[in-house]
Amino acid sequence: MKLIECVPNFSEGKNKSTIDKITDSIKSVDSVKVLDVEIGFDTNRTVITFVGPPNAVVEAAFKAIKTASLLINMKNHKGTHSRLGATDVCPIVPISNVSMDECVELSKILAKKVGELLKIPVYLYEYSALKKNRLNLANIRKGEYELLPGKIKSKEWEPDFGPKKMNYKSGATVIGARNLLIAYNV
């Protein structure tokens, strides 16, 4: 069985109702299992980890990004963690019987759908990056949401998918294939 993990980070860590709605949108997809919901009140950020077959995970990720775009307004967001958008980053990770190349293709499918249907600018990172300056997530996030309106207008920082202009409500999203990552805040 092919299995991938998705670990989207959402710019919401205070409103439990919003977090629950995003989580429920993921759970609504058959064969997807939510493994963890890590709410960071001080950082105003939530990380949701879920797994499943590739196409189901992409569907669940899209639903979660859509829900976040409807419920989170970045114009009002304050938090201590770096962020670009309502869904800040959405990594796709190979777990079982799936290659990194397959995950790269899945990330591009998701990015295209988010850009076209939700009108959110999308940057590809890590293994999915189309440009060297986008390999590292921190490089893409530099300046964060507040400097994104100017950054997005430059040729160097045109989004890989979606509109080449600022979405003030949702910001931008970073999507890509990467290896497993163990992270913690001290």
Show me the pairs that pass salt bridge (charged side-chain N to carboxylate O under 4.0 Å, His left out) and involve residues 7-22, at least two apart or across chains.
K16-D20
For I22 and S25 the tightest heavy-atom approach is O-OG, 2.6 Å
Between I140 and V7, is there shared hydrophobic-cluster membership here, with clusters defined by ILVMFWY side-chain heavy atoms closer than 4.5 Å?
no
Under the side chain to side chain contact (heavy atoms under 4.5 Å, CB included) rule, collect the residues that match up with P54, sequence neighbours excluded.
K2, I4, V98, L106
Atom pair CE (M1) and CG (N97), whose distance is rounded to the nearest 0.5 Å
10.0 Å
Who passes side chain to side chain contact (heavy atoms under 4.5 Å, CB included) against E105, sequence neighbours left out?
K108
Run the side chain to side chain donor-acceptor pair (under 3.5 Å) test against S107 and tell me which residues pass, sequence neighbours left out.
S128
Just to verify, what does D36 make a side chain to side chain contact (heavy atoms under 4.5 Å, CB included) with, not counting sequence neighbours?
E38, T49
With a cut-off of 6.0 Å (strictly less than), are more than 12 heavy atoms of other residues, nucleotides or ligands near NZ of K169?
yes
Contact check, side chains of P121 and K164, non-hydrogen atoms, under 4.5 Å:
no
Would you give the length of the straight line joining atom CZ of F10 to atom CG of L71, rounded to the nearest 0.5 angstrom?
10.5 Å
Any pair counted as side chain to side chain donor-acceptor pair (under 3.5 Å), so long as it reaches residues 138-147, sequence neighbours left out
R83-E144, R83-E146, D88-R141
V47 and M74: same hydrophobic cluster, using ILVMFWY side-chain contacts below 4.5 Å?
no
Sorted by first residue and then second, give each salt bridge (charged side-chain N to carboxylate O under 4.0 Å, His left out) pair with at least one member in residues 147-157; sequence neighbours left out.
K155-E158
Are V29 and L118 connected, step by step, through hydrophobic side chains (Ile, Leu, Val, Met, Phe, Trp, Tyr) whose heavy atoms are closer than 4.5 Å?
yes
Atom of P94, atom of I92 and distance for their closest heavy-atom approach:
CD-O, 4.2 Å
Through direct or indirect side-chain contacts below 4.5 angstrom among Ile, Leu, Val, Met, Phe, Trp and Tyr, which residues connect to L147?
none
After noting the C-alpha distance and the side-chain angles of N9 and T87, does the key distance pass the side-chain contact (heavy atoms from CB on, under 4.5 Å) rule?
CA-CA 6 Å; N9 292 221; T87 303; over 6 Å; no
CD1 on I26 to SG on C6, rounded to 0.5 Å:
7.5 Å
Rest of the hydrophobic cluster containing V104 (Ile/Leu/Val/Met/Phe/Trp/Tyr, side-chain heavy atoms under 4.5 Å)?
M100, Y127
Roughly how far, to the nearest 0.5 Å, is CD1 of I19 from CD1 of I48?
7.5 Å
Could you walk me through whether V37 and T46 pass side-chain contact (heavy atoms from CB on, under 4.5 Å), step by step?
CA-CA 7 Å; V37 178; T46 296; 3.8 Å; yes
Rounded distance [0.5 Å steps], CZ in F161 versus OH in Y123
13.5 Å
Output side-chain donor-acceptor pairs under 3.5 Å for residues 59-70, partner residues at least two apart or in another chain, one line each.
{"unit_1": "K63", "atom_1": "NZ", "unit_2": "S28", "atom_2": "OG", "d": "3.4"}
{"unit_1": "T67", "atom_1": "OG1", "unit_2": "K63", "atom_2": "O", "d": "2.9"}
{"unit_1": "S69", "atom_1": "OG", "unit_2": "K66", "atom_2": "O", "d": "2.7"}

Partners passing side chain to side chain donor-acceptor pair (under 3.5 Å) against N55 (at least two apart in sequence or in another chain):
none
Hydrophobic clusters here meaning ILVMFWY residues chained together by side-chain heavy-atom distances under 4.5 Å, can you tell me if V93 and V114 are in one?
no
Heavy-atom closest contact (K78 atom, N44 atom, distance)
O-ND2, 2.8 Å
D160 meets the side chain to side chain donor-acceptor pair (under 3.5 Å) criterion, sequence neighbours left out, with R134
Between L137 and V174, is a side-chain contact (heavy atoms from CB on, under 4.5 Å) present by the stated rule, with each step listed?
CA-CA 8 Å; L137 180 59; V174 183; 3.7 Å; yes
Do L3 and V32 belong together in a cluster built from hydrophobic side chains that touch within less than 4.5 Å?
no
Roughly how far, to the nearest 0.5 Å, is CD1 of I175 from CD1 of I109?
11.5 Å
Could you go step by step and tell me if F50 and K27 meet the side-chain contact (heavy atoms from CB on, under 4.5 Å) rule?
CA-CA 9 Å; F50 60 97; K27 290 177 178 177; over 6 Å; no
